[in-house]
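Sequential numbering from 1 along the given sequence is applied to the chain's residues. Since this is a predicted model, take the numbers as computed values, not measurements.
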Amino acid sequence: IEEVADEQGRQEKQHLDSLYVITDFACRHFSHNLHHTDEGKSVGLSYFTGRGFTPSTIEKFQLGYSAGNYNAFLDEARKGQFNPDLLVQTGLVTRKNDQLLPFFRARVMFPIHNLSGKVVAFAGRTLSKEKNQPKYINSPETEIYVKSKILYGIYFAKKEIRAKDQCILVEGYTDVISLHQAGLENVVASSGTALTQDQIRLIKRLTTNITILYDGDAAGIKAALRGVDLVLEEGMNVKVCTFPEGEDPDSFAKKTPYEDLVLYLENNAKDFIQFKASLLMNEAKNDP
């Protein structure tokens, strides 16, 4: 078979590789801020250690900090001679009246990795008490980051999901990190979006068994039920496990030893029919 040079394909790959180079640079920059700047250490690092994350966990998930200074990120990017248009295309920089502005400022940073471990986007959490600040902001969608097709933590969890033939699904970034740190590594999160068909198919490549962990409050249960229907449409096995009132996977993982955690999930994960039935029974109370 004669090989034909696919010029367009080569250029597209080159373009995407350039975006990956920038997101990787940004990840290293935020990590450097966290460990080697006064602001990063006093604000960002103290937040992560306050959440109970160990240095090895912070390193594993490549957690970082974006400086409050407008110019910090842009100055570093200029030093690295990165193309301003490409910076805008990764969503790390926005253009306003011909002026470049960093998208993330004064936030602790959670890099989002794709299945092969490349950083494709970021989530930034504010530590400010201002009311008008959204708690989390995510990178906008780009050519390398489509929210509905990415699961937070999938790169770190894929080996364990295959080995245990089970995927545990949680809501937030810190839920994933705390459970990993507690020794439960087959955990991913839908991170900032309601669960989508594409995300479920991504899990299906690794296992057909999903256990959904959500907070025990009404909103958590509603979210769990929405997820259940989507998982069933893909012909997968699904269980649901809720936590005691006032607990979420993050807080529960922090105070529960690994063996007890595994035992709790085994004893409390209900088949979806039992789960739905028990919810409806609760609502109906004693009404025949």
Side-chain angles (χ1 to χ4, degrees), residues 23-24 26-68 73 104-114 117-129 133-139 150-161 167-192 213-215 220 243-244 246-262 264-265:
T23 49
D24 179 60
C27 183
R28 290 196 318 268
H29 169 76
F30 295 140
S31 176
H32 178 273
N33 282 351
L34 185 74
H35 296 286
H36 302 289
T37 66
D38 292 342
E39 182 189 351
K41 284 190 281 197
S42 67
V43 183
L45 199 54
S46 63
Y47 168 76
F48 286 134
T49 48
R51 293 299 298 251
F53 298 154
T54 63
S56 60
T57 297
I58 291 170
E59 191 181 331
K60 173 181 171 180
F61 285 92
Q62 296 179 297
L63 304 177
Y65 180 75
S66 56
F73 179 72
F104 295 103
R105 276 183 31 253
R107 286 175 180 267
V108 286
M109 302 298 289
F110 298 83
I112 297 168
H113 302 76
N114 65 11
K118 287 181 173 147
V119 176
V120 292
F122 296 88
R125 184 195 195 283
T126 183
L127 302 176
S128 129
K129 298 280 184 281
Q133 282 269 21
K135 187 170 164 186
Y136 277 97
I137 57 172
N138 276 45
S139 294
I150 294 259
L151 286 158
Y152 180 71
I154 189 79
Y155 170 66
F156 302 104
K158 63 181 179 182
K159 190 170 156 225
E160 229 12 50
I161 292 173
C167 177
I168 293 173
L169 187 69
V170 293
E171 272 184 298
Y173 306 105
T174 52
D175 295 334
V176 171
I177 297 171
S178 291
L179 286 165
H180 269 258
Q181 187 168 285
L184 219 60
E185 294 190 0
N186 53 332
V187 184
V188 296
S190 55
S191 65
L213 305 191
Y214 278 109
D215 310 354
F243 287 91
E247 294 279 6
D248 59 23
D250 173 32
S251 64
F252 197 75
K254 283 204 175 75
K255 58 184 186 199
T256 313
Y258 173 73
E259 284 77 14
D260 297 352
L261 198 57
V262 172
Y264 181 85
L265 296 185

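- Enclosure of atom OH in Y155 is not indicated, since only 12 or fewer non-hydrogen atoms of other residues, nucleotides or ligands lie within 6.0 angstrom.
- Note that OH of Y65 and CD of E39 are 3.5 Å apart. Values are rounded to the nearest 0.5 Å.
- A donor-acceptor pair under 3.5 Å links the side-chain atoms of T23 to the main chain of V119, judged by distance alone.
- The CD1 atom of I154 sits 9.5 Å away from atom CD1 of I150, with the distance rounded to the nearest 0.5 Å.
- Within 6.0 Å of the CD atom in E59, the count of heavy atoms belonging to other residues, nucleotides or ligands does not exceed 12.
- A distance-only check finds a donor-acceptor pair linking the side chain of T256 to the backbone of F252 [under 3.5 Å].
- From I177, atom CD1 reaches atom OG1 of T54 across 10.5 Å, with rounding to the nearest 0.5 Å.
- In plain terms, the two heavy atoms of L179 and P249 that are nearest each other are CD1-CB, 4.1 Å.
- Here the side chains of K118 and D24 are not in contact, with every heavy-atom distance at 4.5 Å or above.
- Closest of all the heavy-atom pairs between A182 and L261 is CB-CD2, 3.9 Å.
- For the 3.5 Å distance criterion, the side chains of Q181 and T57 qualify, holding a donor opposite an acceptor.
- Of all the heavy atoms in G124 and R107, the pair that sits closest is O-NH1, 3.1 Å.
- Other residues, nucleotides and ligands place no more than 12 heavy atoms under 6.0 Å from the NZ atom of K159.
- When the ring-ring contact (aromatic ring centres under 6.0 Å, His included) test is applied to Y152, the partners found at least two apart in sequence or on another chain are Y173.
- Checked against ring-ring contact (aromatic ring centres under 6.0 Å, His included), F61 has the following partners two or more places apart in sequence or in another chain: F156, H180.
- The minimum heavy-atom distance linking G172 with A189 is given by the pair O-CB, 3.7 Å.
- Looking only at distances, no side-chain donor or acceptor of S178 sits under 3.5 Å from a matching main-chain atom of D175.
- Side-chain contact between R125 and T174: absent, with no pair of heavy atoms (C-beta onward) separated by less than 4.5 Å.
- Using modelled atom types, one side-chain atom of K254 and one backbone atom of R51 make a donor-acceptor pair closer than 3.5 Å.
- The distance from atom CZ of F243 to atom CG of D248, rounded to the nearest 0.5 Å, is 8.0 Å.
- The six-membered or imidazole ring of Y47 lies away from that of F53, with a centre-to-centre distance of 6.0 Å or more.
- With rounding to the nearest 0.5 Å, the separation of NZ in K41 from OG in S46 is 12.0 Å.
- Inter-residue side-chain proximity for L184 and L265 is flagged as met; some heavy-atom pair is nearer than 4.5 Å.
- Among all heavy-atom pairs drawn from A26 and F73, the shortest one is CB-CE1, 3.8 Å.
- Taking F122 as the reference, F30 meet the ring-ring contact (aromatic ring centres under 6.0 Å, His included) condition, with sequence neighbours excluded.
- A distance-only check finds no donor-acceptor pair linking the side chain of N33 to the backbone of S66 [under 3.5 Å].
- Heavy atoms only, all atoms of each residue included: I161 and C167 are closest at CD1-SG, 3.8 Å.
- Looking at heavy atoms from C-beta onward, V187 lies in side-chain contact with V170 at the 4.5 angstrom threshold.
- Considering CD1 of I112 and CG of N138, their distance stands at 5.0 Å, rounded to 0.5 Å.
- Side chain of S31 to main chain of Q62: no donor-acceptor pair is present (N/O by atom type, distance under 3.5 Å, no hydrogens or angles).
- The shortest side-chain heavy-atom distance between L169 and V188 falls under the 4.5 Å cut-off.
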